[in-house]
Amino acid sequence: MLSTPPPIPEPRPAVWGPIITILWGVLVAFAFLIAQSLAAGIYLAIRLGPGRLGDLQPALQSLKSDGTFFAVCTFATLFVCTPLVLGIIKLKNGSRLADYLGLRRPSLRQLAKWTALTIGTCVIMDLVLWLAQQPIVPPFMREAYPSADPRWLLWLALAVAAPVFEEIFFRGFLFAGLAASRLRWSGAILITAALWAAIHVQYDWYGISIIFVLGLLLGTARALTRSTVLTIWLHCMINIIATAETAFVLREA
């Protein structure tokens, strides 16, 4: 009687090494700054119009809490940096985008489990803020949300544009390169969570700490399910919950 052959191990996808991954990441970060700077210049030129250079300084200050500008910059990053990341991956011999980035559909069980864990984590984070006597809605969102015009553009930026780029870059590209090194999955989870939290400079230390915790959750989901499709969904849900809280609090104020 023939015995059942052992399962064939899944081949490891071809990825850039950790040092090259970091160097490519620096390039993407530079493109991120360029994209946002260009978006700021175009936005200000349209907003101020010709012959109003004297209003430039106060206009620049107002951008810090301008919801429309934030949405425009988020889309600029998506459309500039996401193709750049995909191009970098294609430069690696033998790479396949789906394998490199973990573009695989999660099972219904995985989807339900991680959705419940994410909602529970969001509830716990809100409770921590409440116990620490900190506002659940951060000051940045209190100012940015009412200033967004049209409001739906900000919703779309937060619910779609930001999660797609950030997950492809952090939990997709950076995660794959770091996890293939001696850092393994645990190191990749920690580093990508820290880097992801660090880019959210618009928030205070409470907000950045919460983003770091959520980054650990998303990284763990990525490691255990090998799916950035799942983490994109979870990231979308986190941002939708946060934006809905903002809309509710400001409506009640």
Side-chain angles (χ1 to χ4, degrees), residues 9-33 77 81-82 84-104 106-107 110-111 113-115 117-118 120-122 124-125 128 162-201 203 205-239:
E10 185 176 349
R12 178 177 293 184
V15 299
W16 293 106
I19 302 300
I20 302 300
T21 295
I22 292 171
L23 293 176
W24 280 128
V26 171
L27 176 64
V28 174
F30 183 71
F32 174 91
L33 295 175
T77 301
C81 295
T82 303
L84 177 59
V85 172
L86 300 182
I88 291 170
I89 292 172
K90 294 301 291 182
L91 288 175
K92 176 65 177 177
N93 291 333
S95 67
R96 294 181 66 250
L97 287 176
D99 294 334
Y100 203 119
L101 296 175
L103 299 178
R104 63 179 68 192
S107 67
Q110 290 172 331
L111 186 65
K113 171 186 174 180
W114 287 101
T115 296
L117 283 173
T118 301
T121 302
C122 290
I124 292 173
M125 293 297 98
V128 169
V164 168
F165 164 68
E166 291 175 13
E167 292 309 308
I168 284 177
F169 181 54
F170 288 100
R171 253 70 62 176
F173 177 71
L174 292 181
F175 194 92
L178 296 174
S181 70
R182 294 182 180 179
L183 293 169
R184 304 297 182 186
W185 297 109
S186 56
I189 291 170
L190 183 63
I191 292 173
T192 54
L195 292 174
W196 183 52
I199 70 169
H200 292 81
V201 294
Y203 299 117
W205 283 107
Y206 284 97
I208 292 176
S209 298
I210 287 174
I211 291 170
F212 175 70
V213 171
L214 292 171
L216 295 177
L217 176 70
L218 293 174
T220 303
R222 167 71 168 96
L224 296 181
T225 67
R226 300 184 179 181
S227 173
T228 52
V229 174
L230 175 63
T231 64
I232 288 172
W233 157 247
L234 298 177
H235 193 157
C236 290
M237 187 174 60
I238 290 168
N239 285 7

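Worth knowing before you read on, the calculation uses all heavy atoms, side chains too, and leaves out hydrogens, waters and symmetry mates.
- Within 6.0 Å of NZ in Lys113 there are 12 or fewer heavy atoms belonging to other residues, nucleotides or ligands.
- Residue pairs meeting the side chain to side chain donor-acceptor pair (under 3.5 Å) criterion with at least one partner in residues 186-200, sequence neighbours excluded, are Glu166-Trp196.
- For Thr225, the side chain to side chain contact (heavy atoms under 4.5 Å, CB included) partners at least two apart in sequence or on another chain are Gln110, Trp114, Ser227, Leu230.
- Nearest approach of Ile89 to Ser95, heavy atoms of both residues: O-OG, 2.6 Å.
- Applying the side chain to side chain contact (heavy atoms under 4.5 Å, CB included) rule to Leu91 yields the partners Trp16, Trp24; only residues at least two apart in sequence or on another chain are considered.
- Between the CD1 atom in Ile191 and the CG atom in Leu178 there is a gap of 5.0 Å [rounded to 0.5 Å].
- Taken to the nearest 0.5 Å, the CG atom of Leu86 stands 6.5 Å off from the CG atom of Leu101.
- Remark: Ile189 CD1 to Leu183 CG distance equals 11.5 Å, nearest 0.5 Å.
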Please test Leu84 against Phe32 for side-chain contact (heavy atoms from CB on, under 4.5 Å), starting from the C-alpha separation and ending with a verdict.
-> CA-CA 10 Å; Leu84 177 59; Phe32 174 91; over 6 Å; no

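- Taking the side chain as every heavy atom from C-beta outward, Val28 and Phe165 approach each other to under 4.5 Å.
- Within the 4.5 Å cutoff, the side chain of Lys90 has heavy atoms near those of the Leu97 side chain.
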Tell me which donor-acceptor pairs under 3.5 Å the side chains of residues 205-221 have, and how far apart each pair is, sequence neighbours excluded?
from	atom 1	to	atom 2	distance (Å)
Ser209	OG	Trp205	O	2.7
Thr220	OG1	Leu216	O	2.7

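- Remark: Ile238 CD1 to Thr231 OG1 distance equals 9.5 Å, nearest 0.5 Å.
- The side-chain hydrogen bond (donor to acceptor under 3.5 Å, both in side chains) test applied to Trp233 returns Thr115, not counting sequence neighbours.
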| said: Using the rule given for side-chain contact (heavy atoms from CB on, under 4.5 Å), can you reason through Tyr100 versus Phe173, listing the C-alpha separation, both sets of side-chain angles and the distance that settles it, and then say yes or no? | reply: CA-CA 7 Å; Tyr100 203 119; Phe173 177 71; 3.5 Å; yes

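- When atom types are taken as modelled, the side chain of Arg171 and the backbone of Arg222 share no donor-acceptor pair closer than 3.5 angstrom.
- Rounding to the nearest 0.5 Å gives a distance of 7.5 Å between CG of Leu33 and CZ of Phe30.
- The CG atom of Leu103 sits 4.5 Å away from the OG1 atom of Thr228 when rounded to the nearest 0.5 Å.
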